[in-house]
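Worksheet: the structure to be examined is printed underneath.
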Amino acid sequence: MGVDLSDLVSEIKRDLNLAEVRGKKVGIDAYNAIYQFLAAIRQYDGTPLMNRQGKVTSHLNGVFYRTVNLLEEGIIPIYVFDGKPPELKAQELENRRKMKEEAEKKLEKAKESGKVEEMRKYSQMTSRLTTDMAKESKELLEYMGVPTVQAPSEGEAEAAYLNAKGITYASASQDYDSLLFGAEKLIRNLTISGKRKLPNKDVYVEVKPELIETASLLKKLEITREQLIDIAILVGTDYNPDGVRGIGPKKAYKLIKTYKKIENIDKRELPEPIYFDYEKIRELFLKPQVTLPSTPLELSDPDPSKIIQFLVNENDFNEERVRGTIERLQKAMKEIKDIKRQTGLDQWF
DNA sequence: CTCTGTTA
DNA sequence: TAACAGAGG
């Protein structure tokens, strides 16, 4: 999912020192983050964490510990949740639904034959982020004192808007769409632990946070954001998942460098005609549906008893562990207050 | 993904 | 102190 611009971005991306983000707000694409938790926080055979009623709790586990880790680094996470997807996304969403159905079938087969490796692989692929899960994640963050933002439409677009408006320092997501939506800075791999499992393997590799600045990218490529969007459309976005077959990032870049925009491209240069409405897709990236938050996005004091009630009593988390993490949370919040005092950015109340 | 206890 | 295995709910 998302646009694959890794080939174009590889030259200008750089390692991010987390100290650079101390005391600053970072918009987090909540869907992107929670989905990763759902896929990754599982037992060896792929069973997700669940409470006694059998409801999945992997997302709560991920949100809770990741958020405290970020706050301990002095980073203020602003989770941005998806609203209603644009109609043009229907095809992509349908594709994802089909993929999950396929994975579910394969999972059944793997279960029948008891192949544990495959069970885990296909379980991950069946991960579904429900509206309940999004609601529960927001609820937990509220008790933790961490603000959230409800996007009218695409969360990624809203997060990019907050960044463009200077409300956040950067936008964090694994997808490159943020760049198309107008984010100034994109952080990928915003994690503290630095370990990530390789797809389909039981091997862990070091992953470091990296920073991509839109201005550097456009300068390096000598193009405009509109042209970057055209490149993405040729390659394929969530609004035209197939793109133009046979055109990858490198070829798309050459075409746009030569012809400036999609409508100018010589038809003989394309392996197949363009059948999608590229003007409408462009519009979705250039003028996405976004909103200015009605209240300032500031941290507030955590409510330990509500966190305990929710995680321990309702979702069967280990009380000792949760209490320990709440202490870390409170300490981290105090330190952030100090950073703000020192840097004169105090907007606590 | 992240935490904790164990091992070298 | 760092690397690893196993568990978390």
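We use all heavy atoms of the structure for the numbers below, so side chains are in, but hydrogens, waters and symmetry mates are not. Residue numbers start from 1 in every chain, and the chains themselves are labelled A, B, ... in the order their sequence lines are given, proteins ahead of strands.
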Does any donor-acceptor pair link the side chain of A:Gln43 with the base of C:dG6 at a separation under 3.5 Å?
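In this structure, the two groups form no donor-acceptor pair.
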With sugar-phosphate meaning primed atoms plus P, OP1 and OP2, does A:Arg52 contact a base, only sugar-phosphate, or nothing at under 4.0 Å between heavy atoms?
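The residue A:Arg52 makes no contact with any strand.
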Write down the distance between [atom1] ([X]) and [atom2] ([N]), rounded to a whole number of angstrom.
X	N	atom1	atom2	answer
A:Arg323	C:dG8	CZ	P	20 Å
A:Arg188	B:dC1	CZ	P	13 Å
A:Met133	C:dG9	CE	P	16 Å
A:Asp45	C:dG6	CG	C1'	13 Å
A:Arg321	B:dC1	CZ	P	16 Å
A:Arg42	C:dA7	CZ	P	18 Å
A:Asn189	B:dT2	CG	C1'	16 Å
A:Asn318	C:dA7	CG	P	15 Å

Quick check for you: among B:dC3, C:dG8, B:dC1, whose closest atom lies nearest to any side-chain atom of A:Tyr65?
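From the listed options, B:dC3 comes nearest.
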Under the rule for side-chain hydrogen bond (donor to acceptor under 3.5 Å, both in side chains), what residues qualify as partners of A:Lys138, not counting sequence neighbours?
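A:Lys138 satisfies side-chain hydrogen bond (donor to acceptor under 3.5 Å, both in side chains) with A:Gln150 once adjacent residues are dropped.
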Pairing donors with acceptors under 3.5 angstrom, does anything connect the side chains of A:Asn69 and A:Thr67?
no
Does a side-chain N or O from [X] land closer than 4.0 Å to OP1 or OP2 of [N], or not?
X	N	result
A:Ser58	B:dC1	no
A:Arg328	B:dC3	yes
A:Asn315	C:dG8	no

Among A:Asn17, A:Val21, A:Leu16, find the residue that satisfies the side chain to side chain contact (heavy atoms under 4.5 Å, CB included) test when tested with A:Pro209.
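In the set A:Asn17, A:Val21, A:Leu16, the residue that makes a side chain to side chain contact (heavy atoms under 4.5 Å, CB included) with A:Pro209 is A:Leu16.
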Contacts of type ring-ring contact (aromatic ring centres under 6.0 Å, His included), residue A:Phe285, not counting sequence neighbours:
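For A:Phe285 the ring-ring contact (aromatic ring centres under 6.0 Å, His included) partners, ignoring immediate neighbours, are A:Phe181, A:Tyr239.
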Please verify the inter-ring angle class for A:Tyr278 with A:Phe276; under 30° counts as parallel, over 60° as perpendicular, anything in between as tilted.
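Perpendicular: the ring planes of A:Tyr278 and A:Phe276 meet at over 60°.
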